[in-house]
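All heavy atoms count here, side chains included; hydrogens, waters and symmetry mates do not. Just so it is clear: chains get the letters A, B, ... in the order the sequence lines come, proteins before strands, and each one is counted from 1. Small disclaimer: the values here were computed from a predicted structure and weren't measured.
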Protein chains: 2
Amino acid sequence: MAREPLSRERVLRAAVELADGSGLDAVSMRGLAQVLGVVPMALYKHVANKDELLDGMVDAVIGEFEAPDPALDWPDAVRARLLSARRAVLRHAWARRAIESRTRRTPAVLGYMDAVVGTFRRGGLSVDLTHHVMHALGNRIWGFSPELFDAPADPSAPPPPAEQQRATAEEFARRFPHVLEIATAATGGDLSAVGGGCDEQFEFEFALDLLLDGVARLHGRGWRSA
Amino acid sequence: MAREPLSRERVLRAAVELADGSGLDAVSMRGLAQVLGVVPMALYKHVANKDELLDGMVDAVIGEFEAPDPALDWPDAVRARLLSARRAVLRHAWARRAIESRTRRTPAVLGYMDAVVGTFRRGGLSVDLTHHVMHALGNRIWGFSPELFDAPADPSAPPPPAEQQRATAEEFARRFPHVLEIATAATGGDLSAVGGGCDEQFEFEFALDLLLDGVARLHGRGWRSA
DNA sequence: ACGCTAGGTGTACGGTGTACGCCTGTCAAG
DNA sequence: CTTGACAGGCGTACACCGTACACCTAGCGT
């Protein structure tokens, strides 16, 4: 049975699936070739190099973003767009890291940015203000904020002996009291949950609204730079 | 002449200098060993592995951050702290990428975060609000905002033929009119400078002040979550 | 029947991090 | 003194990475 031939689509689709299932590190040219039942160099007939492969994978995620209801006013429209982006990025755990590492602005990336910018402009914001707002949003236009604390520890790892754990906890409290304070507050005082205890969704929306509110105020009073 | 022995300090210092001079990619165990006149495996007697090396380099940069004048009120104190961090990170072009890639919260990292959190707390902000504000600031506490557009193109690269350049420019204008609009506005209409034309310092401070202003307002009206 | 070409193959090169064993100079205890 | 532990630098080796380059072959338009 002659398998159907490769294609850029098939390669990218397989890469996304592989990353979804086994993580971004599993997406090596060799690894990807293997799941496609093909020799590594075969991929290069469809993708120029690994960077382009990554770009293509990110583009695939962007393709899942949904446009907001056109009836919404600009803050809600931006909000809807970014939250849709967030949902897509969360569906692909690797996407965040991939987006952060890419610097290439593909047509898909530019298209999405253009849509976001367009939403502000149609809302009446000045070119000037819109420009700075885009910078202020930063990676939040991709639906995520930077991770402030550790990624949640691997739950399969064996916990350290209780004695030592208490000792390090005490030292932590002594050296970083303020961090401890806000970390425990976030988990309702459950110290053991401190690592992965933040409600990322809330944090995302908090920051987003903080920025959008600020922008709305600047816009309302006719802000202009310099 | 017996060279003085290696030490963790010396290794880290050499790594930082190497990265400063030749970029982060030049910092491989082999490359670093070479500039130290030593065999690669020798480094492992002083650093557990490459991740720890990177962590150490980041810690070195954090060591350059300066504490603000204690007489400042909280918004100015935070501002001063973050701008000091920014100066340090700008001194080491690689630091930004290194910080983004690290997930490990070393004592140095926690110490710095604790200082920032402490500044908010001493200003009277609630634990609750402070926590969310830290998330909202995100990587901005390291003195940089995410790059929205391409890194400036390598100026040594030969420019494409004028004809083709005009054609792609026209297509760009057709497909991404809004992006073009804000990009040209940022450079005063100089289209050729669009790539690296943003005033990053302004963007950083704009976003920072937008956030701090919003926070001050929330604080003033006694905001609390849920 | 011919030759072109798209697409898969095989081999090879130079790079990476790092595990493991060895060897040697220093220094403290017997 | 001698001895033995040990810190620290050395050498080799392994598995993995991206990818350059030459080759082969099936299918197709002329």
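- Among residues two or more places apart in sequence or in another chain, the side chain to side chain contact (heavy atoms under 4.5 Å, CB included) test is passed with A:His135 by A:His131, B:Leu148, B:Phe149, B:Cys198, B:Glu203.
- As a whole-Å value, the separation of A:Gln34 CD from D:dC16 P is 11 Å.
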Which parts of nucleotides 13-26 of chain C does protein reach within less than 4.0 Å, heavy atoms only, written one letter per nucleotide 5' to 3' as B for base, S for sugar-phosphate only and - for none? ---BBBBB------
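- We find that CG of A:Leu32 is positioned 11 Å from P of D:dC17, with the value rounded to whole Å.
- Per the geometry, CG belonging to B:Leu43 stands 9 Å off P belonging to D:dG9, to the nearest Å.
- What separates CZ of A:Arg10 from P of C:dG7 is a distance of 13 Å, to the nearest Å.
- Look at A:His46 and you won't find any side-chain N or O under 4.0 angstrom from OP1 or OP2 of C:dA6.
- Residue pairs meeting the ring pair (Phe, Tyr, Trp, His ring centres under 6.0 Å) criterion with at least one partner in residues 78-102 of chain B, sequence neighbours excluded, are B:His92-B:Trp94.
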Show which side-chain atoms of residues 30-45 of chain B pair as donor or acceptor with protein atoms under 3.5 Å away, not counting sequence neighbours.
none

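- Between A:His132 and B:Phe202, the two ring planes are tilted [angle within 30° to 60°].
- Residues forming a side-chain hydrogen bond (donor to acceptor under 3.5 Å, both in side chains) with A:Arg87 (at least two apart in sequence, or on another chain): none.
- The stretch residues 168-184 of chain A participates, sequence neighbours left out, in these salt bridge (charged side-chain N to carboxylate O under 4.0 Å, His left out) pairs: A:Arg166-A:Glu170, A:Glu171-A:Arg175, A:Glu181-B:Arg121.
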